Structures are given as C-alpha cells and as structure tokens.
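Here the structure is a predicted model, which is why all the values come from computation and not from measurement. Along the sequence shown, residues are numbered consecutively beginning with 1.
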Amino acid sequence: MTSDHIPESWRAALEPALGTPEARKLGGWLVAQEAAGKTIFPPRGQRLAALEATPLPDVRVVILGQDPYHGAGQAHGLSFSVQDAVKQPPSLVNIFKELENDLGIARPQTGNLTPWARQGVLLLNNTLTVEEGQAGSHAGRGWDAITDACVAAVVEQGLPSVFILWGSHAAKKAGRVRGLGAGQHHCIIKSPHPSPLSAHRGFFGSKPFSQTNAFLEAQGCKAIDWAL
C-alpha cells in the first residue's frame, strides 16, 4: 500500500489479509487514482496511523467508524480525530457532546484523539481512505479484508476488549467479533453514527464511554481517561 508500512506489532496478524486479491488490487488502485489527479485522504504515510499509535498488544478498546473525513486537512489516520488547531468536524462535536452528557467531561479545545490511542483505544475506520469531498467513495475497494483482520487480531488475543461500533458500516463487524470470540469476554456497543444526519437516532444517550469503563473495570482492567 504505497508508503504505508504495517507496524511490527500488527504484521503477523495482517500478512494473510495483505495477500488476498482484494488487498493486492487496493494498492494499485490507489496509485492509479492519484495518478489520475484524485486527492485522497489521509495522505500517504498516514493511512495506517491508527495501527502505529496503538500496538496490537495494547488494544483494549476499538472505536470503529465508516471512513476518514473527506475535507482538506482533516483526516490523519485516526478515526474521528483531527490534528490540533483543526476545526472539529460535526461528527466529532457530537462525540464530545455525548462525552459530556455521559461523563460530565466538557468539550475539549482540541480534536486530536491521540491521547485515547495511547491508552489502548484503536481508532479505526472500516475503510481507511476516501476521495476528497466524496464520503464512502473507497468502500468495497479492498480495505475490508485488512480491517476485518485488525478486528480478528484483537479478538484472538483473548484479552477482554470493547468494540464501539458507530454507524451501520461499522456494525457489520459485530458478527466477526461474536463469531471469532466464542467463549471469550468482549463487549460490543453499537449505535447510529455520530454524524448530524443520524446522531439523534440513538447515538445521543448511548453512553459508550461509561459503558466501556464499566466493562473494563469489571474485568479487572484500567479504565480509559477520556479527558483530552
């Protein structure tokens, strides 16, 4: 996948997926799209940033969205996150509204979710690239094989983990968690996407942050500090 290298801790888990026909086609297709003048987000070198920020053995929570932000300067490889000083997109604003409603944590000044990633929160999207201004434009192009393998790797570690699935695309991964995790202890939290188009259909009031911490603490694990 061009200049995006699989981090060492994820390599063994993802190598089989990278050998699938879908994944092999993906790299060539992305190169062809860029050669045709298409702008793709996030830029090369940041498309696997979520795996770099959260090594596989550290994963305790997976937050899964649909695909990256499709506006210039927004996506940097962590789902729902933007770099410091970048205006918070509407979905992230809604996430912070729910965070305040759930845990009383006031909306942060920054939209950079890297501190969550460093605590073991894998900030993943179902599809890891998108064309500028075209939400969902890279769905079905081969990323599913790779992100399915990421989910499988977390499940198969056998550690108690929380899967927060936001939106219908992410919710499809629930079956993989249940199918792979028979007899293991995992928590699945599903709700509509935090987008303004769907947040009022059940995202608001879903309390994913307190649910996550309650599960982790019940399993003898450290809670996530969601403050930024």
Side-chain angles (χ1 to χ4, degrees), residues 1-56 59 62-82 89 91 117 122-157 161 163-181 190 193 195:
M1 284 171 294
T2 64
S3 60
D4 295 87
H5 300 295
I6 305 294
E8 182 63 34
S9 71
W10 290 91
R11 190 164 296 144
L14 298 190
E15 278 179 347
L18 293 172
T20 61
E22 295 86 356
R24 288 198 298 267
K25 289 178 182 177
L26 172 64
W29 183 79
L30 289 171
V31 170
Q33 290 292 293
E34 290 175 319
K38 302 288 181 64
T39 299
I40 296 175
F41 297 131
R44 293 187 186 193
Q46 295 183 5
R47 292 167 188 171
L48 301 178
L51 307 185
E52 295 172 1
T54 311
L56 177 56
V59 177
V62 179
I63 292 181
L64 189 67
Q66 179 177 331
D67 56 4
Y69 295 126
H70 52 81
Q74 294 179 318
H76 66 113
L78 306 183
S79 64
F80 299 103
S81 179
V82 292
S91 291
L122 178 64
L123 295 164
L124 192 68
N125 278 308
N126 203 49
T127 300
L128 300 186
T129 54
V130 70
E131 182 181 337
E132 181 176 18
Q134 301 291 327
S137 52
H138 289 188
R141 289 291 181 176
W143 281 117
D144 290 290
I146 296 166
T147 55
D148 281 355
C150 290
V151 169
V154 175
V155 171
E156 291 169 355
Q157 285 193 118
S161 305
F163 293 83
I164 302 174
L165 310 178
W166 284 337
S168 58
H169 288 81
K172 294 176 182 177
K173 290 282 199 285
R176 296 194 60 79
V177 175
R178 294 191 184 101
L180 293 163
K190 293 192 295 182
H193 195 277
S195 161

On a heavy-atom basis, the closest approach of Leu78 and Ala50 is CD2-CA, 3.4 Å
Hits for side-chain hydrogen bond (donor to acceptor under 3.5 Å, both in side chains) against Arg141, two or more places apart or cross-chain, chain-then-number order -> none
The single option from Thr129, Asp148, Asn125 that satisfies side-chain hydrogen bond (donor to acceptor under 3.5 Å, both in side chains) with Trp143 is Thr129
In terms of heavy-atom contacts, Ala17 and Ala23 come closest through O-CB, 3.3 Å
Lys173 versus Thr147: any side-chain heavy-atom pair under 4.5 Å?
-> yes
Worksheet entry | Expected output: side-chain Gln134 to main-chain Glu131 donor-acceptor under 3.5 Å | no
Would Asn126 and Asp67 count as having a side-chain donor-acceptor pair, cut-off 3.5 Å?
-> no
Correct closest heavy-atom pair for His76 and Ala49 would be O-CB, 3.5 Å
The reported gap from CG in Leu18 to CZ in Arg24 (rounded to nearest 0.5 angstrom) is 10.5 Å
Measure the shortest side-chain to side-chain distance between Leu56 and Leu51 over non-hydrogen atoms and say whether it is less than 4.5 angstrom.
-> no
Correct closest heavy-atom pair for Ala135 and His70 would be CB-CD2, 3.6 Å
Worksheet item: Taking side chain as C-beta onward, heavy atoms only, is His169 less than 4.5 Å from Asp144?
Response: no
OG (Ser168) and CD (Gln66) are apart, to the nearest 0.5 Å, by 6.5 Å
So CD of Gln33 and NE2 of His138: to nearest 0.5 Å the spacing works out to 5.5 Å
Rounded to the nearest 0.5 Å, the CH2 atom of Trp166 sits from the OG atom of Ser79 at a distance of 8.0 Å
Rounded to the nearest 0.5 Å, the CG atom of Leu124 sits from the CG atom of Leu165 at a distance of 10.5 Å
Worksheet item: Are Phe80 and His193 an aromatic pair by the rule of ring centers under 6.0 Å?
Response: yes
Nearest heavy-atom approach of Pro55 to Ser9 is CA-OG, 3.4 Å
Closest heavy-atom pair, Glu132 versus Ala72, reported as atoms and distance to 0.1 Å, is OE2-CB, 4.2 Å
Please answer whether the main-chain N or O of Thr54 pairs with a side-chain N or O of Trp10 as donor and acceptor at a distance below 3.5 Å. yes
Checklist line | Min side-chain heavy-atom separation Leu14-Cys150 under 4.5 Å | finding: yes
Problem set entry | Min side-chain heavy-atom separation Leu26-Ile146 under 4.5 Å | yes
